[in-house]
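Note sheet for the following structure.
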2 protein chains.
Amino acid sequence: MATIGDVARVAGVSRSTASYALSGKRSISSAVRKKVQDAVDELGYTPNAGARALATAETKIIALLARFLSDEFAPAMLQYIQGVSNRARELGYDTLLVSEADGPAALRRLSTTRMVDGFVLLNVGESDERLDVLRQAAQPGALIGLPADPEGLDVFDLDFPASGRLMVEQLHGVGHREAILVSQSEHVVRRGGAYVWRLANAAQERAEELGMQLHHYYGASLQPEIGTDLHRFLDRHPQATGLLLNNEAAAAALPTVLREREVSAPADLSVLGRFSDEFARTFSLPFSAVDSAAMTLGRQAVEALVTRMQGSTKAEPHVVSLLPPTLDDRGSVTAPRAPSR
Amino acid sequence: MATIGDVARVAGVSRSTASYALSGKRSISSAVRKKVQDAVDELGYTPNAGARALATAETKIIALLARFLSDEFAPAMLQYIQGVSNRARELGYDTLLVSEADGPAALRRLSTTRMVDGFVLLNVGESDERLDVLRQAAQPGALIGLPADPEGLDVFDLDFPASGRLMVEQLHGVGHREAILVSQSEHVVRRGGAYVWRLANAAQERAEELGMQLHHYYGASLQPEIGTDLHRFLDRHPQATGLLLNNEAAAAALPTVLREREVSAPADLSVLGRFSDEFARTFSLPFSAVDSAAMTLGRQAVEALVTRMQGSTKAEPHVVSLLPPTLDDRGSVTAPRAPSR
DNA sequence: CTGAAAGCGCTTACAG
DNA sequence: CTGAAAGCGCTTACAG
């Protein structure tokens, strides 16, 4: 493997000159620049990442801390991962994918060994044990998911309260007066899935303001349990004309459930979910939905992180960015057949 | 951040002694070992990964080259990724997830900069452009997916021919004499998805031997097209009593299709797929299947890679390991209602 | 505009 | 059993 020393020798200049010619960090006569470039081409020189990391104290790697939880619907995670890794690459960083069960330990390990320049945390819970470790770390971090205390961290998340309100308003606006909201399982909530109740509470509140009845349930996050759950909820509220889903597994299971009940959407039941467009395509879901904006959130988190890593911005105030919900209209919401008044 | 020099100073020994005490690479009196350990604890010392990489020429990182193709069914990939990353961690390696569109360039970049110690390639095609680059690389690589020319590389894949034969035999064994096989889309085949025809050819051959009619089709790899395709295939062969699926999207779409046709499995139609158990759970699929063994293949690839990386085994012959198919019986194959003779 | 030198934080032959 | 020193391959103040 060629080193910068080899390049310098072939080009007939000093190592520092070769280095500067390549980095452009000081002015170099074009003649020398050319000699260096020729030497690089001839030798096929590429800088050694470890040596550069040691000299610059920058690894150009970010760690992506994912959590693959058994009670979670995995396909929904892939898009966050892609958003992060693609944007990172565009900005000159590689992505270390970390899926260890013990998140805090992994974070500590990568931080103290200086393997990475920063962290993106996925699936952040209400009181996430990784956050304290992250706050102590020498490297900055960005979160996808809003914790109770975002102090000292950049946070990116969908605006779940606004999403809840939007979902209710969509139903109410076309005449629905009784609906069901199916959230993720209580497991998820207990583990700190704050977004679940943040959406649910806001939806409830908005429904009350508008004088709409909203029945709220926690549904399983896995098949086939969620199917049974959906049947139960629908049985219990035969008058409900609308169904809101903040639960990906429920959305995936619904077409089957509806067919089993010989109910069709939106003729008999208006349906509005919260999932990504990619998810809808994968599962061929014909339901309108608030876009979970996974790619966007992943990209935003990386951008903020990179700014902070490169930053004179150490002291910049941290941001909590809640993405306003947008609606993917797939035509599954219409006026109820027999509108209550 | 504490360095090995700090540890040495606090422990009152030389840096080399501190280093050896920690690595255990030469014998150290227990008294000294304790002093060093105490210093480490006191300072919270962790070795700097970049410095270590430079000194040892080992980064303890492996690159996982995935390809997220738009015409591919993404959920099926996650388990390979988890298999690789979990096993790597168990063996002391971290995983760099690489999803760049230009695979050969990414591989070259990571190889020449010495960012990683080895490569795992996912989704390897018949004549994959990444392979030549990999063969030139200084680091070893393991493939998941069998290319036309596996020369110089360790390969792990499901035994697709055996899988095809097994699938046919399962149907034939209980009396089926006419069946349909739905493969992945021709796109996938054209891109080099050799496993598609390897399974199909073997299935065809075995069917001929057994005197069973097998109608082979390529189906779309995405929803909702695959649903339409399935209807078409079933319409065309009303006598077929069995359905074999080597196409994850088809498996995911089938429950809906069957319900639309008011056909039930296995009473009216025996169904046998090829997908992972995790996939079956996610989509709540009630179909028996040849397990695609994603986790296992991921783990095996990493193990082989690590052996080779640490190896005096540079010269060891390369392996092509084809995993014998195993069946997850979910009860969707039984004797046909009206067996042809 | 260019060079000689120090330093990043480790590991490991070499010497005792 | 332990230490002093060289070296891994870069970058970047310091000097000219």
Side-chain angles (χ1 to χ4, degrees), chain A residues 1-37 39-40 43-61 92 109-117 138 310, chain B residues 1-37 39-40 43-61 92 109-117 138 310:
Chain A
M1 231 40 237
T3 72
I4 188 93
D6 298 327
V7 172
R9 193 167 30 71
V10 170
V13 300
S14 75
R15 298 194 319 163
S16 55
T17 298
S19 176
Y20 283 119
L22 291 173
S23 70
K25 288 194 180 171
R26 74 180 182 194
S27 34
I28 298 283
S29 70
S30 60
V32 168
R33 200 185 356 255
K34 172 149 186 3
K35 281 194 296 182
V36 171
Q37 189 53 55
V40 165
L43 296 167
Y45 167 76
T46 332
N48 177 301
R52 176 173 279 180
L54 183 56
T56 61
E58 270 192 1
T59 63
K60 291 291 180 179
I61 300 178
R109 176 174 66 82
L110 295 170
S111 172
T112 57
T113 58
R114 314 240 114 142
M115 273 190 82
V116 301
D117 294 340
Q310 302 182 334
Chain B
M1 231 42 237
T3 72
I4 189 93
D6 298 328
V7 171
R9 193 169 28 72
V10 169
V13 300
S14 74
R15 300 195 318 164
S16 57
T17 299
S19 176
Y20 283 119
L22 292 174
S23 71
K25 287 194 183 171
R26 73 180 183 193
S27 35
I28 298 282
S29 70
S30 61
V32 168
R33 199 185 357 256
K34 173 148 185 4
K35 281 194 296 181
V36 170
Q37 189 52 56
V40 165
L43 297 168
Y45 168 76
T46 332
N48 177 301
R52 177 173 278 180
L54 183 56
T56 61
E58 270 193 0
T59 64
K60 292 291 178 179
I61 300 178
R109 177 174 65 83
L110 294 170
S111 172
T112 56
T113 59
R114 315 240 111 142
M115 273 190 82
V116 302
D117 295 340
Q310 301 181 335

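Labels below follow one simple rule: chain letters A, B, ... track the order of the sequence lines, proteins then strands, and each chain is numbered from 1.
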Hey, can you pull the residues of residues 15-29 of chain A with a non-hydrogen atom under 4.0 angstrom from DNA chain C? A:Arg15, A:Ser16, A:Thr17, A:Arg26, A:Ser27, A:Ile28, A:Ser29
Ignoring backbone atoms, test whether B:Ser14 places a side-chain nitrogen or oxygen under 4.0 Å from the OP1 or OP2 oxygen of D:dG3. yes
What is the distance, to the nearest angstrom, from the CZ atom on B:Arg33 to the P atom on D:dC1? 9 Å
A:Tyr45 OH to D:dC10 P, in whole Å, measures 4 Å
For A:Leu54 and C:dC8, what is the distance between atoms CG and P respectively, to the nearest whole Å? 9 Å
Sugar-phosphate only, base, or nothing, as touched by B:Thr46 at under 4.0 Å among non-hydrogen atoms: sugar-phosphate
Quick one: pull up CD1 in A:Ile4 and OG1 in A:Thr46 and give me the separation to the nearest 0.5 Å. 11.0 Å
Which whole-number value in Å describes the distance from B:Lys34 NZ to D:dC1 P? 18 Å
Select base, sugar-phosphate, or nothing to describe what B:Ser30 touches, counting heavy atoms under 4.0 Å on all strands. nothing
Shortest non-hydrogen pair, A:Arg114 vs A:Ala138, comes out as NH2-CB, 2.8 Å
Can you check whether B:Ala53's main-chain N or O pairs, donor with acceptor, with B:Thr59's side chain at less than 3.5 Å? no
Round to a whole Å and report the spacing from NZ of B:Lys60 to C1' of C:dC10. 15 Å
Give me the atom names and distance for the closest heavy-atom approach of B:Val10 to B:Ala39. CG1-CB, 3.7 Å
Approximate separation, where rounding is to 0.5 Å, of A:Asp117 CG and A:Thr56 OG1: 8.0 Å
Could you grab the distance from atom CZ of A:Arg33 to atom OG1 of A:Thr17, nearest 0.5 Å is fine? 12.0 Å
Output the pairing pattern of DNA chain D as a dot-bracket string, 5' first, Watson-Crick or G-U wobble with both distances under 3.5 Å, | for cross-strand pairs, [ ] for crossing pairs. |||.||||||||.|||
Where A:Ala18 and A:Val13 come nearest, the two heavy atoms and their spacing: N-CG2, 4.1 Å
Nearest whole Å is fine: how far is D:dG9 P from B:Met115 CE? 17 Å
On DNA chain C, nearest-nucleotide positions of A:Ala51 versus A:Val13: which is more 5'? A:Val13
Within the structure provided, determine whether A:Thr113 and B:Arg52 are in side-chain contact (heavy-atom separation under 4.5 Å). no
Would you kindly give the CZ-to-P distance between A:Arg9 and C:dA4, to the nearest whole Å? 15 Å
Between C1' of D:dC8 and CD1 of B:Ile4, the distance in whole Å: 16 Å
Validation: residues 21-31 of chain B side-chain donor-acceptor distances under 3.5 Å, sequence neighbours left out:
{"from": "B:Ser23", "atom 1": "OG", "to": "B:Ser19", "atom 2": "O", "distance (Å)": "3.4"}
{"from": "B:Ser23", "atom 1": "OG", "to": "B:Lys25", "atom 2": "N", "distance (Å)": "3.2"}
{"from": "B:Ser29", "atom 1": "OG", "to": "B:Val32", "atom 2": "N", "distance (Å)": "3.3"}

